[in-house]
A.B. asks: 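Before I ask anything, let me first share the structure, which is written out below as structure tokens.
Bear in mind the structure is a predicted one, so any value in this text is a computation, not a measurement. When a residue number appears, it is its place in the shown sequence, counting from 1.
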Amino acid sequence: MKLFLLSVFVFIIGVQAQNDPKFNLDFEKVSDPEALPDNWIRWGNYEISVDDRVKYSGKYSAEISSEKGGSFGSIAYGIPANYEGNYLQLEGYMKTENVEGSAGLLIRVDDASGKTLSFKDMSVYKIGGTTIWKKYKVLVPFSSEAHMIYVGGILQGKGMAWFDNFTLKVGRKDIQNLKETLPEYLPADLDSSYTDHSNFQLENLSAIQEKNLYKLAKVWGFLKYYHPEIAKGHFNWDYELFRILPETNSKDFDAVLAACIEELGPVEGGKSEKPDPKDFEQSVDLGWLEDEQFLSAPLSAALLNVLTADREKENYYIGLQAGVKNPDFKNEKAYENMTYDDTGMKLLALFKYWNMIEYYFPYKYLIDEDWDEVLKEYIPKMIKSQTEKEYKLDMLQLIGEINDSHGIILGGAEVLDHFFGKRIAPIRIRFIEEQPVVDFTDDSIENIQKGAVITAINGRPVAEIIAKNLDYYPASNYPTKLRNMAEKLLRTNDDSLQISFQDDQETFARTVKTLKSWNWWTLDEEIPSHKMLSENIGYIYPQSLKKDEIHDIMKAYMDTDGIVLDLRCYPADFIVFKMGDHVIPKPTEFVKFTKTSMENPGFYDFQDGPKNGNRLKQTYDGKIVILINEMTQSQAEYTAMALRIAPRAMVVGSTTAGADGNVSRIILPGGINTMISGIGVYYPDGTETQRVGIVPDIELEPTIKGFRNGQDELLNKAIQLIESDNSLAK
């Protein structure tokens with residue numbers, strides 16, 4: 001859910017915050033009682049109103065309500081981030097009534113491009129039911145790159161929630177009493193030569209232009225991350241690309257590029273040694289800088305001078321986030337109002353993304369295709385596309401080329417919603433034995449057996465549909481591509497779908513009416529965070545955990561024979577070390593990461609990760625069976641890595657999503673928002689998790705037959721292992 005919320009929040013446009021330092025955070029300024037409090041906005045699709053009856057203080061509160069649930073509603077307020085401090089703290093009062101889901105405060109901080117720098121809500125606390133007025137707090141880091149602060153209240157699921165008396169603090173000081181600090185602008189910020197159009201259009205690509213565009217992409221990206229003057233924000237590098245694009249028909253394009261580099265100004269140093277790939281675990285191939293067949297001698301010399309220049313640890317376009325140091329792509333404009341016959345803007349998108357991957361994707365070496373060949377392939381594709389649909393489908397395929405399950409398009413893609421279909425048949429499916437199987441149906445659907453296989457849609461065999469559309473579902477591996485496809489397979493823009501089924505008795509077809517919206521994931525009753533499967537076997541479902549609840553669960557399970565940790569979900573709380581302290585008797589290595597630097601972009605070393613476990617007086621000595629499948633992604637995969645080192649732990653299941661590591665967000669022209677796995681995550685011996693996923697000790701996949709019979713075959717296997725005489729000793 002949180003991932004969905006972020007994707008929605010990032011693309012809300014048009015918040016107009018007052019310049020008046022007295023912000024309407026107490027909901028008391030209400031010009032129209034039938035509308036929202038002044039300057040507050042609505043996110044989501046729930047009923048939101050002013051309430052003059054239920055309130056904590058003053059005349060008004062804000063009310064969010066939903067009788068059906070299934071989505072979310074939020075009331076939000078935007079404040080320009082013209083303040084100095086290290087963190088933000090939102091305090092506010094909340095009251096709930098019959099909430100089935102969760103309610104809470106939220107705070108989000110965006111940079112100038114609309115990228116989310118920090119976000120926090122209270123969903124992990126799972127505050128529901130009926131509660132009296134109570135004061136709550138949420139806190140997030142406050143970056144110097146912040147451009148906009150959003151505060152608000154949110155309801156997820158059914159029920160009603162009221163919010164009142166918000167206070168936003170920068171550090172410990174109330175923002176109402178602080179003076180604004182106007183930001184300092186660099187030359188890159190002040191360049192207004194272009195806005196949402198490059199003024200460069202190209203319809204017929206000549207051979208010399210194709211060659212020069214390939215060269216330009218590589219030189220432009222290298223300079224972006226290596227040239228000290230660009231790093232200082234002295235040049236708007238997008239606009240410099242637009243300025244040079246008309247020169248790509250030049251027969252002496254190398255001279256044009258060399259002159260451009262000279263205009264950037266001299267660089268200090270220039271006599272240091274080049275980075276030696278032998279000194280690094282992984283390295284970008286910069287051999288082209290000295291390729292006499294590719295570059296002229298003057299251009300090669302100019303680029304090598306930049307390569308050996310002195311570089312500082314700050315860069316206007318790239319940073320390394322605190323902690324694990326995954327890349328932070330900064331000051332990237334979304335160009336949401338671009339036109340799709342604009343060749344320069346489309347080439348900018350390609351060049352940006354290609355070079356981000358070239359220098360800051362730690363798993364570039366695992367990409368199926370040669371990355372240089374991908375660049376050559378997509379240059380003519382970008383030029384050929386003339387509509388938003390063509391462009392964004394090309395970009396979706398380009399993102400899919402990196403084979404990373406984190407690499408999906410999160411927003412800015414209304415045209416893609418229409419491509420996949422804005423209506424949906426109310427049938428939830430999952431892939432079992434690589435076939436789409438009915439998992440759940442709406443009450444309006446009758447006589448379709450759970451476990452029935454969908455064989456055709458509107459007369460087209462499902463196998464044909466999968467083969468034709470697989471490239472539009474970016475993921476690290478095939479099972480995860482199918483997982484992603486499951487949610488969209490029954491989407492359409494038509495009022496109905498003709499669907500063919502095969503169950504255990506017959507083959508039949510149905511005309512199924514489609515709906516404008518249908519809640520895909522939260523139709524079933526919520527699985528409890530923990531329960532006893534038998535007298536001596538405990539069960540934990542991390543997606544339903546409340547914050548820090550794992551400690552009480554482990555205390556209750558200390559005398560059980562075994563625990564099933566079901567990681568076929570995304571954990572609501574980070575339990576890696578909290579549970580590790582209870583099940584791993586001493587600090588033990590389980591992971592190492594890659595790290596890069598601002599001085600040598602594209603070169604990676606290993607760094608030791610944290611150890612898991614503690615020297616407690618007593619740790620759990622029962623068996624632990626960890627269940628995994630294609631739903632196990634990112635934090636869930638990291639959790640499996642960290643807890644499988646427990647003395648009597650075993651992993652059971654099938655291929656996980658193969659996308660571990662902190663994500664780095666990327667903003668691209670056309671309002672495209674995507675991500676990459678920003679750090680490399682490895683076992684201590686260097687074994688990869690990316691694309692491979694968490695390799696189970698016992699490989700087991702569900703079967704259609706078992707699913708039809710209502711059997712959870714992985715869970716049954718876990719119980720069998722715990723009840724057997726096998727100790728599961730390592």
A.B. asks: Within a 6.0 Å radius of atom NZ on K158, are there more than 12 heavy atoms belonging to other residues, nucleotides or ligands?
C.D. replies: no
A.B. asks: Yes or no on side-chain contact (heavy atoms from CB on, under 4.5 Å) for I465 and M485, after CA distance, side-chain angles and deciding distance?
C.D. replies: CA-CA 10 Å; I465 296 172; M485 185 178 285; 5.6 Å; no
A.B. asks: Would you compute the distance between atom CG of L643 and atom CG of L565 and round it to the nearest 0.5 angstrom?
C.D. replies: 6.0 Å
A.B. asks: Working to the nearest 0.5 angstrom, can you tell me the gap between K595 NZ and K325 NZ?
C.D. replies: 10.0 Å
A.B. asks: Calculate, to the nearest 0.5 Å, the distance between atoms CG and OG1 belonging to N98 and T130 respectively.
C.D. replies: 4.0 Å
A.B. asks: Take atom CG of D368 as the centre, draw a 6.0 Å sphere, and report whether it contains more than 12 heavy atoms from other residues, nucleotides or ligands.
C.D. replies: yes
A.B. asks: Hey, does the side chain of E637 reach the backbone of G693 with a donor-acceptor pair shorter than 3.5 angstrom?
C.D. replies: no
A.B. asks: Not counting sequence neighbours, which residues clear ring-ring contact (aromatic ring centres under 6.0 Å, His included) with Y365? List them please.
C.D. replies: none
A.B. asks: Per the salt bridge (Lys or Arg N to Asp or Glu O under 4.0 Å) rule, what does the pair list look like for residues 553-571, sequence neighbours excluded?
C.D. replies: D566-R568, R568-D712
A.B. asks: Would you check, one step at a time, whether the test side-chain hydrogen bond (donor to acceptor under 3.5 Å, both in side chains) holds for Q711 with N716?
C.D. replies: CA-CA 8 Å; Q711 297 295 312; N716 292 344; 2.9 Å; yes
A.B. asks: CD of E506: more than 12 outside heavy atoms within 6.0 angstrom?
C.D. replies: yes
A.B. asks: How would you list, by chain and number, every residue that makes a side-chain hydrogen bond (donor to acceptor under 3.5 Å, both in side chains) with Q435, sequence neighbours excluded?
C.D. replies: none
A.B. asks: For the pair S664 (side chain) and N326 (backbone), establish whether a donor and an acceptor sit closer than 3.5 Å, ignoring hydrogens and angles.
C.D. replies: no
A.B. asks: Anything under 30° is parallel, anything over 60° is perpendicular, the rest tilted; go ahead and classify F420 against Y473.
C.D. replies: tilted
A.B. asks: How many angstroms lie between CG in L155 and CD1 in I127, if you round to the nearest 0.5 Å?
C.D. replies: 12.0 Å
A.B. asks: With Y683, which residues qualify under side-chain hydrogen bond (donor to acceptor under 3.5 Å, both in side chains), at least two apart?
C.D. replies: R644
A.B. asks: Are side-chain N/O atoms of E713 and T703 paired as donor and acceptor at under 3.5 Å?
C.D. replies: yes
A.B. asks: List the steps, then state whether side-chain contact (heavy atoms from CB on, under 4.5 Å) holds for L470 with Y478.
C.D. replies: CA-CA 9 Å; L470 200 63; Y478 186 66; 3.6 Å; yes
A.B. asks: Short question: side chain of R648, backbone of D621 - any donor-acceptor pair under 3.5 Å?
C.D. replies: yes
A.B. asks: Restricting to non-hydrogen atoms, name the atom on A718 and the atom on V625 that form the minimum distance, rounded to 0.1 Å.
C.D. replies: CB-CG1, 3.5 Å
A.B. asks: Are T639 and P542 packed together at the side-chain level, in the sense that at least one heavy-atom pair is separated by less than 4.5 angstrom?
C.D. replies: no
A.B. asks: Is there a donor-acceptor contact under 3.5 Å from the side chain of D503 to the main chain of Q449?
C.D. replies: no
A.B. asks: Ignoring hydrogens and geometry, is there a side-chain-to-backbone donor-acceptor pair from D697 to V651 under 3.5 Å?
C.D. replies: yes
A.B. asks: Between R491 (side chain) and I424 (backbone), is there a donor-acceptor pair under 3.5 Å?
C.D. replies: no
A.B. asks: Counting N and O atoms only, with roles assigned by atom type, does the side chain of T96 sit under 3.5 Å from a partner on the main chain of G129, one being a donor and the other an acceptor?
C.D. replies: yes
A.B. asks: Would you please name every residue forming a ring-ring contact (aromatic ring centres under 6.0 Å, His included) with Y46, sequence neighbours left out?
C.D. replies: none
A.B. asks: Please answer whether the main-chain N or O of T656 pairs with a side-chain N or O of T632 as donor and acceptor at a distance below 3.5 Å.
C.D. replies: no
A.B. asks: Suppose the criterion is salt bridge (Lys or Arg N to Asp or Glu O under 4.0 Å): which pairs have a residue in residues 542-552, not counting sequence neighbours?
C.D. replies: D548-K578
A.B. asks: Among residues at least two apart in sequence or on other chains, which ones pass ring-ring contact (aromatic ring centres under 6.0 Å, His included) with F431?
C.D. replies: none
A.B. asks: Minimum heavy-atom separation for Q321 to D328, with atom names?
C.D. replies: CG-CB, 3.6 Å
A.B. asks: Is the shortest side-chain heavy-atom distance between T596 and P362 below 4.5 Å?
C.D. replies: no
A.B. asks: Under the side-chain hydrogen bond (donor to acceptor under 3.5 Å, both in side chains) test, which residues partner Q690, sequence neighbours left out?
C.D. replies: D404
A.B. asks: Can you find a pair of side-chain heavy atoms, one from M579 and one from M554, that are under 4.5 Å apart?
C.D. replies: yes
A.B. asks: Give me each pair satisfying ring pair (Phe, Tyr, Trp, His ring centres under 6.0 Å) with a member in residues 545-564, each pair once, sequence neighbours excluded.
C.D. replies: H551-H582
A.B. asks: Once you round to the nearest 0.5 Å, how far does CD1 of I454 lie from CD of Q502?
C.D. replies: 12.0 Å
A.B. asks: Are K137 and L139 close enough that some pair of their side-chain heavy atoms sits under 4.5 Å apart?
C.D. replies: no
A.B. asks: Between S405 and Q633, does any side-chain donor sit less than 3.5 Å from a side-chain acceptor?
C.D. replies: no
A.B. asks: Does any donor atom in the side chain of S500 or T455 lie under 3.5 Å from an acceptor atom in the other side chain?
C.D. replies: no
A.B. asks: Could you report the tightest heavy-atom contact between V692 and T655, atom names first, then the distance?
C.D. replies: O-CG2, 4.0 Å
A.B. asks: Is there a donor-acceptor contact under 3.5 Å from the side chain of T594 to the main chain of D605?
C.D. replies: no
A.B. asks: Check whether any side-chain heavy atom of L715 sits under 4.5 Å from a side-chain heavy atom of L533, and report yes or no.
C.D. replies: yes
A.B. asks: Do side-chain atoms of K623 reach the backbone of S724 as a donor and acceptor pair under 3.5 angstrom?
C.D. replies: yes
A.B. asks: Tell me, with the steps shown, if S654 and E630 meet side-chain contact (heavy atoms from CB on, under 4.5 Å).
C.D. replies: CA-CA 7 Å; S654 55; E630 69 279 0; 4.3 Å; yes
A.B. asks: For residues D121 and L106, report the shortest heavy-atom separation together with the two atoms involved.
C.D. replies: CB-CB, 3.9 Å
A.B. asks: Could you work out, with side-chain hydrogen bond (donor to acceptor under 3.5 Å, both in side chains) as the rule, every residue matching T507, not counting sequence neighbours?
C.D. replies: none
A.B. asks: Any chance you could measure N629, atom CG, to R483, atom CZ, to the nearest 0.5 Å?
C.D. replies: 9.0 Å
A.B. asks: Can you see which heavy atom on L482 is nearest to which on I466, and at what distance?
C.D. replies: CD2-CG2, 4.1 Å
A.B. asks: Check I722 against V564 and note the closest heavy-atom contact, atom names and distance.
C.D. replies: CD1-CG2, 3.9 Å
A.B. asks: Counting C-beta onward and ignoring hydrogens, is there a side-chain heavy-atom pair between R708 and V453 closer than 4.5 Å?
C.D. replies: yes
A.B. asks: Quick one: does N612's side chain get under 4.5 Å of F577's, heavy atoms only?
C.D. replies: yes
A.B. asks: Could you please spell out the steps behind the side-chain contact (heavy atoms from CB on, under 4.5 Å) verdict for E699 and E701?
C.D. replies: CA-CA 7 Å; E699 188 167 355; E701 297 187 33; 4.2 Å; yes
A.B. asks: Only counting residues at least two apart or in another chain, list the ones meeting side chain to side chain contact (heavy atoms under 4.5 Å, CB included) with P426.
C.D. replies: D442, S444, I445, V512, L515, W518
A.B. asks: Could you pull out every donor-acceptor pair under 3.5 Å between side chains of residues 585-592 and any protein atom, sequence neighbours left out?
C.D. replies:
from: T588; atom 1: OG1; to: K586; atom 2: O; distance (Å): 2.7
from: K592; atom 1: NZ; to: P684; atom 2: O; distance (Å): 3.4

